[in-house]
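First the proteins, then the strands, lettered A, B, ... as listed; each starts at 1.
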Amino acid sequence: MEYNFKEIESKWQKKWKDSNIYKTDIIENKQKFYVLDMFPYPSGAGLHVGHPLGYIASDIYSRYKRQKGFNVLHPMGYDAFGLPAEQYAIQTGQHPAITTDKNVNRYREQLDKIGFSFDWNRSFKTCDPDYYKWTQWTFIQLFNSYYDNKNKKARPIAELEFYFAKNGTNDLDIAQTEPQSFTANDWNSASEKEKQEILMNYRLAYLADTWVNWCPELGTVLANDEVVNGLSVRGGFPVERKLMKQWILRVSAYAERLLQGLNDVDWSDSIKEIQRNWIGRSEGAAIWFPLAKQGPSDWKDLYMGHFEGIKNEPAFEIFTTRPDTIFGVSFMVLCPEHEMISSITTPEHKEEVENYVNWAKNRSERERQAEIKKVSGVFTGSFAINPITNELIPIWVSDYVLSDYGTGAIMAVPAHDSRDFAFARHFNLPIRQVVAPSLEEISNPADWNESMDSKTGVCINSGFINGMDVKNAGKAVIEMVKEMGIGYGTINYRLRDAIFSRQRYWGEPFPIYYKDGMPYPIPENELPVLLPEVDQFLPTESGEPPLARAKNWNYNGYTMEFSTMPGFAGSSAYYLRYMDPHNNDALVSKEANNYWQQVDLYVGGAEHGTGHLIYARFWNKFLFDIGVCCKDEPFKKLINQGMIQGRSNFVYRVVGSNKFVSLNLKNDYQTTPIHVDVNIVHNDILDVDAFKNWMPDFKDAEFVLENGHYICGWEVEKMSKSKYNVQNPDDLVEKYGADTLRMYEMFLGPIEMAKPWDTNGIEGVFRFIKKFWRLYFDENGDFSISDDEPTKQELKILHKTIKKIEDDNERFSFNTAVSAFMICTNELLEAKCNKRSILEPLCILLSAYAPHITEELWSLLGFNESVFNATFPVYNEQFLQDDEYVYPVSFNGKMRLKMSFPANFTPKDIEPEVLANPDVLKWLDGKNPKKVIIVPKKIVNIVF
RNA sequence: GCGGGUGUGGCGUAAUUGGUAGCCGCGCCAGACUUAGGAUCUGGUGGUGAGAGCCGUGGGGGUUCGAGUCCCCCCACCCGCACCA
């Protein structure tokens, strides 16, 4: 029988579908294992060969785990809300739901052809109302919660109202937008609206004016991770800064837990490090610098010399990681957005400061980043007092201080901070060294080319911390400011709150209506709030989001929230929903969640390191706090599959002609490289006729060949249509079959490594599959299996392979596993082994990699049950033991000869044996060896 | 600038974790069967040398009987962050 992959694959795919073989249920007495892929955004372009890479790996692992006795959950769905579908809708007027469905169907078709073991019964799209109901529900829970810093946990906002009524803000340690202070009386006498405004300061989902990344082209705001180099990730449009009222998630409240949680998960160091950097924890001090009431001439008279009550005076709170350098402060800098600028600017500097602030605020993000090295700033005319040295320091404004980190104000220590240094040099401000590598190594800052930023050394010119090393000095300064009541040690995080509003149509509507200008949640029993129909998907003329176009869309006459949620909303809890996807009463039932717990293996690209993977962890931690899920971390182990790059081919056109010259002859001509479709190139040899037919321009092309071939050049680039290097998995399935594609994608290299796609070489895997098939057939092509006892050698081949495949599966080393299959098959073919006792277990081993061919063989072997449900063979050490071992014998580390010893010999026995061996004696040549090193089963080394 | 990673034949990679470097596959070379091959099968294939041998894992040094693997310095490339005080 011929190996007819087309027939076999379509036959089994249909059978699997008809029998719903991949349906998963809770099985109480069986251990669970949850394998999840990052679900795809179904774009119009369909899948390319890079997409399935991770899916194939996770599918292999799922199948393997199942055969190892686990109840494996392996679902798949679609991240379906988002910009591309909506952009397309704006251009064509076609409803995004329709294009999304079309794309989803195409994806499903492509995925089905590859033979995945997904449980499609659990599938959903994030745009399904049954699902986004729970996205909306979670949002309401966030809205109705605050973060208790003391207990490190989200709590119901109702508790806070109760607390305010009793204590006001007294003794409160909770996450907040702005510091607030009021009494119980203040609270109790406040109006409903005032109360709502106060609560907004604490909600985990809150509405606030904020500086946003506004993308005019897309007509929406974007999160920090959606902007790269001042351009939108989707579309690459310029992004501006704009002050807007937005929904925001208080992700920052969870910064410390998000950081600590990284210690409990099994992720790669690189992605943990990316997240640590993104969270950006900095220890330091908050210190108040009071405003000097007058300028330098008589500051001494005005300075009080004591600091009680300083918090209530006009004072600037700064954050520094270097409190040890406080004696080196020579000026202060406020960010252009700082609210105190207008009140402190002296009349003679007013115009200049206003101009600067305006200029800085209106600069686009891209301009700002492009001119990052340019120093700019203005003096306000006012002075602050260094509370430790009592010195007057000028207050400047500059955009190198960011409004959304720390307090938007810094103490500048130019000697020990490169940015302050550049600023001081530019504006001729004093630079005073206060830290030196040692007391002997003090130099003159006037001679420096750069500041001394190192956080090591001893303090000099520094009053009471003179001579202390910087670490202790920092602590001492924090103690001092604490005692003085003007500061404290604190921790700052780079992680910002996440802006949660998008002024777009194709997203989850907020379950929010407005009463008296304040937002209120829609009652939970009225969810989901369905996405209303609109006549057009554009913003309204007044600049409102598209949802403002919806007719009769309100809640009991109250206005709805018109923005929609961002892409990450829907992808932040989908893994929980797969546990219980059809539940109408809860996001996930307690029962389902207690059984499936969390994702054991999550597979997806590293590009989500600072987006999805942070938001999902935040979201999960919140759901954990409110008791929806039982695990604090959503993804126990994470594998980041490397990006698949394209491998482009080039032809070289002789300038000014239609003549093309082969790669190695091109130096004799003046040529321009031109991308050529990789599908008409095989092993870098151009199919000349196909090339002529490829494009009208090349119809009359002439070629300068080498050895009768036209050799193309190649380069690794991004996979893209314009580079003609896109490989479609469907074409490969058509030509080689799904099993070959699956194995070739794994064979390409380690799963985590970025690698170029190169179809050259798939033939090798295809050959292997055909060879594997031949194992089960005789020379006449008839299925032929013998029930004879296997030989020792055959058992060794089998068990060596079982061990190797099991090890490789466990460490996700699928490329080496494929090699092991090839070796095993070659060895068995050579041994002409057709024994059932060998080929049956082998079929199970391979079934995770090549499910179709193994299913066919499994059924030919006489099984009714699918190989999917077979049990992974157990490897037996006994068969691996050799009768004798061959030891390489080396002299002084150089290999000289080989000696055989019985397997049960121990190194001790071997030593005299070795030295008595005639071959060894020859090498010893009468010399006494210094020592004989014997590594069991490995090597013997004799050292003179 | 800071952080993380990678570097092995013509190419993708492997190396039992400190023990014979180059497994497996592509490509290439030779042969077999063929009217033919972008089919199939067999053998060869790191460099150099007639040869025993010598050289060889980005470069340099070190530890060790022994280093692709461990330590130090340098180089190249990739990824992430980037005025985060």
Under 3.5 Å between N/O atoms: give me all the protein pairs with nucleotides 70-77 of chain B, atom names plus distance.
none

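- Contact annotation: A:Lys770 reaches the phosphate of B:U40 (side-chain N/O to OP1 or OP2, under 4.0 Å).
- Nucleic acid contact class of A:Met753 (heavy atoms, under 4.0 Å, all strands): sugar-phosphate only.
- Across the protein-nucleic acid pair, A:Asp807 atom CG and B:A15 atom C1' stand 15 Å apart, rounded to whole Å.
- Side-chain atoms of A:Tyr405 lie closest to B:A85 of the nucleotides B:G25, B:U40, B:A85.
- The gap from the C1' atom of B:U42 to that of B:U34 amounts to 16 Å, rounded to the nearest Å.
- Rounded to whole Å, the separation between the P atoms of B:A15 and B:U8 comes to 15 Å.
- Residue A:Arg494 contributes atom CZ, which lies 12 Å from atom C1' of B:G3 at whole-angstrom precision.
- Between the side chains of A:Glu752 and A:Ser268, no donor-acceptor pair is found at a separation under 3.5 Å.
- At a threshold of 4.0 angstrom between heavy atoms, the contacts of A:Lys803 with the nucleic acid are absent.
- Checked by atom type, the side-chain pair A:Tyr493/A:Ser252 shows no donor-acceptor distance below 3.5 Å.
- Phosphate contact (OP1/OP2 of B:G19, side-chain N/O of A:Ser890, threshold under 4.0 Å): absent.
- Taking A:Glu450 as the reference, nothing meets the side-chain contact (heavy atoms from CB on, under 4.5 Å) condition, with sequence neighbours excluded.
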Original post:
So what's the dot-bracket for RNA chain B: Watson-Crick or G-U pairs under 3.5 Å, [ ] if a pair crosses, | if it pairs off-strand?
Top reply: (((((((..(((......[....)))((((((.......))))))(((....)))..(((((..]....))))))))))))....

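- Protein atom CZ of A:Arg774 is 12 Å distant from nucleotide atom C1' of B:U42, rounded to whole Å.
- Using a 4.0 Å heavy-atom distance criterion, A:Pro750 is classed as a sugar-phosphate-only contact.
- Looking at heavy-atom distances under 4.0 Å, A:Arg281 makes no contact with the nucleic acid at all.
- Atom-to-atom, CG of A:Asp404 to P of B:A85 comes out at 13 Å; the value is rounded to the nearest Å.
- Out of B:C83, B:C41, B:C24, the shortest distance to the side chain of A:Phe747 is found at B:C24.
- Comparing the P positions of B:A52 and B:G58 gives a spacing of 27 Å, expressed to the nearest Å.
- If you take CE of A:Met643 and C1' of B:U6, they are 16 Å apart, rounded to a whole angstrom.
- Salt bridge absent: A:Lys803 and A:Glu877 never bring a charged side-chain N and a carboxylate O closer than 4.0 Å.
- Syn is the glycosidic conformation of B:U17, whose angle stays within 90° of 0.
- What separates CD1 of A:Ile934 from P of B:G66 is a distance of 18 Å, to the nearest Å.
- Between A:Thr759 and A:Val678, the closest side-chain pair of non-hydrogen atoms is not below 4.5 Å.
- Of the possible polar contacts, none joining the A:Arg281 side chain to the A:Ile491 backbone as a donor-acceptor pair under 3.5 Å is found.
- Spacing between B:A21 and B:G9 at atom C1', rounded to whole Å, works out to 11 Å.
- Only the C1' atoms considered, B:G5 is 22 Å distant from B:C11, to the nearest whole Å.
- In this structure, the side chain of A:Asp687 does not engage the main chain of A:Ile680 through any donor-acceptor pair within 3.5 Å.
- Nucleotide B:G12 is shown with an anti base, its glycosidic torsion being more than 90° from 0.
- Ring geometry for A:Trp773 against A:Tyr3 counts as tilted: the plane angle lies between 30° and 60°, on a 0 to 90° scale.
- Within the nucleic acid shown, A:Val818 has no heavy atom closer than 4.0 Å to any nucleic acid atom.
- One C1' atom belongs to B:C78, the other to B:G56, and the distance between them is 26 Å to the nearest Å.
- Annotation: B:A50 and B:G61 have their C1' atoms spaced 37 Å apart (nearest Å).
- Distance check on atom P: B:G47 versus B:U40 gives 26 Å, rounded to whole Å.
- Taking both residues in full, the closest heavy atoms of A:Ser890 and A:Ile939 are given as OG-CD1, 4.3 Å, listed atom of the first, atom of the second, then distance.
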Under 3.5 Å between N/O atoms: give me all the protein pairs with nucleotides 32-38 of chain B, atom names plus distance.
residue	atom	partner	partner atom	Å
B:G38	O6	A:Asp687	OD2	3.0

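- Counting only distance, with no hydrogens or angles, the side chain of A:Gln275 and the backbone of A:Leu259 share no donor-acceptor pair below 3.5 Å.
- Because its NZ or CZ atom is not both nearer than 6.0 Å to the ring centre of A:Trp278 and within 45° of the ring axis, A:Arg617 does not count as a cation-pi partner of that residue.
- Ring geometry for A:Phe427 against A:Trp396 counts as tilted: the plane angle lies between 30° and 60°, on a 0 to 90° scale.
- Residue contacts for A:Ile823: at a heavy-atom cut-off of 4.0 Å it reaches the sugar-phosphate backbone alone, with no base atom in range.
- Taking the side chain of A:Trp278 as heavy atoms from C-beta on, and the options B:C41, B:C81, B:G25, the nearest nucleotide is B:C81.
- Closest to the side chain of A:Thr816, out of B:A85, B:C41, B:A14, is B:A14.
- Salt-bridge formation is detected for the pair A:Asp404/A:Arg496: a Lys NZ or Arg NE/NH1/NH2 atom is positioned less than 4.0 Å from an Asp or Glu carboxylate oxygen.
- For A:Glu273, the side-chain atoms get nearest to B:G4 when compared with the rest of B:C83, B:A14, B:G4.
- Protein atom CG of A:Leu880 is 12 Å distant from nucleotide atom C1' of B:U16, rounded to whole Å.
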Protein N or O to nucleotides 27-30 of chain B N or O, pairs below 3.5 Å:
residue	atom	partner	partner atom	Å
B:G27	OP1	A:Asn683	ND2	3.2

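- A:Asp684 pairs by the side-chain hydrogen bond (donor to acceptor under 3.5 Å, both in side chains) definition with A:Arg647, A:Asn649, not counting sequence neighbours.
- Residue contacts shown for A:Asn815 are limited to sugar-phosphate atoms, with no base heavy atom under 4.0 Å away.
- Of the charged side-chain nitrogens involved, at least one lies within less than 4.0 Å of a carboxylate oxygen, so that A:Lys804 and A:Asp808 count as a salt-bridged pair.
- The aromatic rings of A:Phe879 and A:His799 sit tilted relative to each other, their planes meeting at an angle between 30° and 60°.
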Original post:
Could you walk me through whether A:Phe772 and A:Phe821 pass the ring-ring contact (aromatic ring centres under 6.0 Å, His included) check?
Top reply: CA-CA 9 Å; A:Phe772 185 83; A:Phe821 281 122; 7.4 Å; no

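- Within 4.0 Å of A:Ile274, counting heavy atoms only, lie sugar-phosphate atoms of the nucleic acid but no base atom.
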